[in-house]
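Following: one structure in structure tokens, then a few remarks.
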Amino acid sequence: MKLKDIERILEAEVIVGKELLAKEVKMVCGCDLMSDVLSFAKSESLLLTGLTNPQVVRTAEMADLQAICFVRGKKPEQETIDMAEDKDIPLLVTPIPMFESCGRLYQAGLPGCSEYKK
Amino acid sequence: MNSDSRITKVQELVYEIRVRDVMKDDVVTVSPQTPMSKLQDILREKRISGAPVVDQDGLAGIISIDDFIRWLAEREEDCPISEKMTSDVQTLYADEPLIHAVNKFEQYGFGRFAVIDRQDKRLRGIITKGDIIEGLLKKLEIDYHKEETQNERIQRFFEDIYADRIALFFQYNVAGQDFKRAGESSSRLKATLGRLGLHPQVIRRVAIATYEAEMNLIIYADGGRIRVRVEPHQILVKVEDSGPGIPDIEKALQPGYSTAPDWVRELGFGAGMGLNNISNCADRMNLRSTVGKGTHLSIYISVENGAKSETN
């Protein structure tokens with residue numbers, strides 16, 4: 001699924017990476033614990049999270065994640081935005097809470113990281 | 001790369017590339033008052049088959065060699081271009097993705113489209129099917145070149161060196177309590193390994209392990225240093241600090257065991273998964289610690305195995 005489909009499904013605002021919406025997302029990881037993201041999120045994942053600090057972008061960078069979407073309308077701080085721009089990692093903000101966001105994407109056919117098969 | 005993925009690449013590119021990236025911006029324009037009899041010379045001199053007609057208000061129309069031939073065939077008297085041009089011009093915006101241009105060429109069957117600015121509607125350039133093909137080929141060539149040069153660069157580099165043992169060494173100094181810059185060393189290491197052309201999965205494992213170790217240096221040890229040794233078969237990441245040390249290593253290695261303060265947990269770390277993650281990324285890990293003296297962590301990641309196995 002393309003990032004621009006996710007933008008539509010989650011009624012999201014794109015904060016960083018308007019030109020990167022053709023990026024392909026294969027699965028989703030919904031998580032606020034970055035150590036868990038580092039341990040089970042696969043590359044080519046979208047990260048849904050409620051945390052907005054720069055370490056979230058660092059985590060995405062290290063784990064080769066495709067994009068980050070902040071749930072429940074949380075706007076990231078400027079440092080987070082700057083780092084994402086620097087690393088070309090798209091940032092989205094959806095007004096929808098975590099559980100519903102996961103549900104909508106799952107319903108649209110995106111698998112979780114543990115069930116994704118190549 | 002097989003043919004299927006190449007097609008996908010082109011499909012991807014027509015969405016990624018903008019009209020302005022491939023259009024010609026040094027456009028030859030004519031004025032509406034230019035007589036038709038002059039058009040032939042202009043087209044021949046500039047080796048073009050059509051031109052936008054521009055007056056002081058911007059784009060007024062478009063005139064092509066077809067219009068000229070029709071005018072010749074009808075043996076009419078000379079007249080200004082404005083009488084023979086197409087004035088209901090189909091245009092493209094400079095910031096539109098290339099796919100819109102491809103669709104418009106298909107839909108209208110025209111040879112060229114004028115490209116205008118979305119804001120001020122001024123003429124920015126002109127685009128033909130040839131420009132689209134040329135733009136796509138150039139982009140594919142650049143990507144292909146990048147891929148070629150990236151691939152296995154380090155392996156070739158090592159092959160060119162005659163020695164019984166070869167290693168590259170990098171050191172990163174990590175400041176303690178500096179949460180703003182946490183992860184910077186791992187980020188620099190990751191970029192460096194990328195330039196060396198190592199396999200992405202190997203780089204990912206090294207990056208994740210180093211990042212967790214770097215966070216530990218910042219959270220628990222008031223900083224330290226990361227030393228990395230890259231050899232043809234293996235990468236060793238040595239993380240050392242002179243911090244308080246770990247009283248019970250066995251406990252520290254248990255998933256979920258943590259002594260992290262709340263402020264660390266609020267940042268999404270400190271859940272007692274760090275050493276566990278490092279160990280999952282590593283082929284071999286060695287942790288030594290003395291209370292009051294500091295901690296030494298060695299992470300070994302095999303280059304050969306790394307390419308084949310995904311940790312997660």
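All chains are named by letter (A, B, ...) in the order of the sequence lines, taking the proteins before the strands, and each is independently numbered beginning at 1.
With a threshold of 4.5 angstrom between heavy atoms, Pro97(B) does not approach chain A through any atom at all. In this structure, chain A has a heavy atom under 4.5 Å from the backbone of Glu266(B), while its side chain stays farther away. Thr59(A) touches chain B through backbone and side chain together, each having a heavy atom under 4.5 Å away. Only the backbone of Asp32(A) comes within less than 4.5 Å of a heavy atom in chain B; its side chain stays farther off. Proximity to chain B (any heavy atom under 4.5 Å) is shown, for Lys23(A), by neither the backbone nor the side chain. Heavy atoms closer than 4.5 Å to chain B are found in the side chain of Leu51(A), but not in its backbone.
Within the 3.5 Å criterion, the main-chain N or O of Leu20(A) finds no donor-acceptor partner in the side chain of Glu16(B).
When all heavy atoms of Gly274(B) and Ser35(A) are compared, the pair lying nearest together is N-OG, 4.4 Å. Closest of all the heavy-atom pairs between Ser187(B) and Glu61(A) is OG-OE2, 2.7 Å.
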Evaluate the criterion side chain to side chain contact (heavy atoms under 4.5 Å, CB included) for residue pair Phe40(A) and Asn277(B); output intermediate values, then yes/no.
-> CA-CA 9 Å; Phe40(A) 78 80; Asn277(B) 270 355; over 6 Å; no

Worked check of side chain to side chain contact (heavy atoms under 4.5 Å, CB included) between Met215(B) and Gln55(A) = CA-CA 10 Å; Met215(B) 294 305 284; Gln55(A) 295 311 317; 3.9 Å; yes

Go through Asp36(A) and Met273(B) one step at a time and tell me if the side chain to side chain contact (heavy atoms under 4.5 Å, CB included) criterion holds.
-> CA-CA 7 Å; Asp36(A) 270 356; Met273(B) 294 303 295; 3.9 Å; yes

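Between Glu79(A) and Lys180(B) there is a salt bridge, since a side-chain N of the basic residue sits under 4.0 Å from a carboxylate O of the acidic one. Under a 4.0 Å N-O distance rule, the pair Asp64(A)/Lys190(B) qualifies as a salt bridge.
Taking the centre and axis of the six-membered ring of Tyr15(B), the NZ or CZ atom of Lys2(A) falls outside the cone set by 45° and 6.0 Å.
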